[in-house]
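Lettering of chains follows the sequences in order, A, B, ..., and the numbering in each one begins at 1.
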Amino acid sequence: MREHPTGTLAGRIVETEAYIVGDAAGHAFRGETPRNRSLFLRRGHAYVYFVYGCWFAVNVSGEIAGVGAGVLLRALEPIEGVAQMEIHRGTQKLLDLARGPGRLAMAMHIDRRLDGVDLCAMGPLWLGTAIRPVGSIGQSVRIGLTREALRKLRFFENDSRFVSGPGRLRA
DNA sequence: AGTGCGATTGACT
DNA sequence: GTCAATCGCACTA
């Protein structure tokens, strides 16, 4: 859920990746720095980071305070505020609005200002209330990594068309 | 102080 | 399929 000045933006999370304790692919692996400090907040806080000089991406911190780990939000199925998401993204292709972490952040207008917010209480960005899963959940290796590339820590709704990644990783 | 490259995307061949 | 965009952090020295 994104409480935006223009109205509420909402989507179902259909794809995530876990970056767990001791995971060399995780931003928290080398310890806490100014950039990744939000990963060390108590579980349920936002870690927003900037990659490739172009994009933001959002994680949900996943451990107790002081332990760095998180879940990357990789794709949403848009539920509310689609017209505004289209403006943010510059496209009207529903399937592309929030398919991929960079697109997701852009659709929801997420940037560094939201780094560290509590996602478990109503606010500018939060998790809302649970919506029942649809169908089964698939599992695969994570996308775009060079380290720890074999760990199957990506999770996605099997039958969703809003999931990112190469087709062969879907099933 | 300098360098390399990343949890990506979109444009182009 | 390839490749540029573009920034800040981590790493080396």
Side-chain angles (χ1 to χ4, degrees), chain A residues 2 9 11-63 66-78 82 84-117 119 125 127 137-158 160-171:
Chain A
R2 174 85 170 93
L9 309 174
R12 287 179 59 244
I13 298 167
V14 295
E15 178 186 358
T16 63
E17 284 176 357
Y19 289 85
I20 63 180
V21 173
D23 183 350
H27 288 182
F29 185 64
R30 289 172 194 80
E32 187 172 343
T33 70
R35 178 204 195 197
N36 68 19
R37 57 174 281 281
S38 294
L39 274 180
F40 293 79
L41 297 175
R42 195 185 75 246
R43 61 180 177 268
H45 287 74
Y47 164 49
V48 178
Y49 70 94
F50 189 59
V51 255
Y52 295 112
C54 310
W55 311 98
F56 290 100
V58 198
N59 285 240
V60 181
S61 67
E63 293 285 344
V67 177
V71 173
L72 172 67
L73 303 185
R74 286 199 57 96
L76 296 181
E77 173 184 341
V82 170
Q84 190 62 31
M85 292 186 196
E86 289 173 347
I87 292 171
H88 292 155
R89 287 276 296 113
T91 178
Q92 297 198 120
K93 295 180 183 174
L94 184 62
L95 288 176
D96 287 341
L97 287 183
R99 186 166 57 104
R103 292 165 172 163
L104 182 158
M106 182 174 282
M108 301 289 271
H109 204 257
I110 292 167
D111 61 28
R112 255 187 283 275
R113 287 172 293 189
L114 294 172
D115 187 40
V117 306
L119 298 174
L125 183 67
L127 289 168
I137 304 299
Q139 191 170 355
S140 79
V141 295
R142 295 170 294 185
I143 294 177
L145 301 188
T146 54
R147 312 153 75 125
E148 304 273 12
L150 298 181
R151 299 179 96 151
K152 293 191 169 183
L153 290 173
R154 172 173 172 261
F155 302 89
F156 52 93
E157 209 171 73
N158 269 318
S160 175
R161 299 158 65 220
F162 295 91
V163 168
S164 76
R168 70 177 181 284
L169 285 182
R170 300 287 198 88

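Legend: residues meeting ring pair (Phe, Tyr, Trp, His ring centres under 6.0 Å) with His27(A), ordered by chain and number and at least two apart, are Tyr47(A), Tyr49(A).
Using a distance-only test at 3.5 Å, with no hydrogens or angles considered, no donor-acceptor pair links the side chain of Glu17(A) to the main chain of Arg74(A). With hydrogens and angles ignored, the 3.5 Å screen pairs a side-chain donor or acceptor of Arg89(A) with a backbone N or O of Leu97(A). No side-chain donor-acceptor contact under 3.5 Å links Arg2(A) to the backbone of Ile110(A). With hydrogens and angles ignored, the 3.5 Å screen pairs no side-chain donor or acceptor of Thr16(A) with any backbone N or O of Val71(A). Put simply, the side chain of Asn59(A) never gets that close to the backbone of Ser61(A): no donor and acceptor are under 3.5 Å apart. Glu77(A) places no side-chain N or O within donor-acceptor distance of the main-chain N or O of Val14(A), the cut-off being under 3.5 Å.
Where DNA chain C meets chain A (any atom under 4.0 Å from a heavy atom), the bounding nucleotides read 5' to 3' are dA5(C) to dC11(C).
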At under 4.0 Å between heavy atoms, which parts of nucleotides 8-13 of chain B does protein reach? Answer with one letter per nucleotide, 5' to 3': B base, S sugar-phosphate only, - none.
BSS---
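Summarising the geometry of Arg154(A) relative to Ile143(A), their closest heavy-atom pair is NE-CD1, 3.5 Å, with the distance given to 0.1 Å. Of all heavy-atom pairs between Phe56(A) and Ala105(A), the closest is O-CB, 3.3 Å. Of all heavy-atom pairs between Glu157(A) and Val163(A), the closest is O-CG2, 3.7 Å.
Comparing dA4(C) with dG4(B), their P atoms sit 16 Å apart, to the nearest whole Å. When the P atom is compared between dC5(B) and dC3(C), the two are found 16 Å apart, to the nearest whole Å. Going from the P atom of dC11(C) to that of dA7(B) covers 12 Å, rounded to whole Å.
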Could you go through the side-chain contact (heavy atoms from CB on, under 4.5 Å) check for Met108(A) and Val58(A) one step at a time?
CA-CA 10 Å; Met108(A) 301 289 271; Val58(A) 198; over 6 Å; no
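To the nearest angstrom, P of dG6(B) lies 16 Å from CZ of Phe29(A).
Listed by first then second residue, pairs satisfying salt bridge (charged side-chain N to carboxylate O under 4.0 Å, His left out) with a partner in residues 22-50 of chain A read Asp23(A)-Arg142(A), not counting sequence neighbours.
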Dot-bracket for DNA chain C, 5' to 3', counting Watson-Crick or G-U wobble pairs under 3.5 Å, with [ ] for crossing pairs and | for inter-strand pairs?
|||||.||||||.
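Residues of residues 35-44 of chain A having a heavy atom closer than 4.0 Å to DNA chain C, listed by number: Arg35(A).
Geometric assessment of Arg112(A) against the ring of Phe50(A) yields a positive cation-pi assignment under the 6.0 Å and 45° thresholds.
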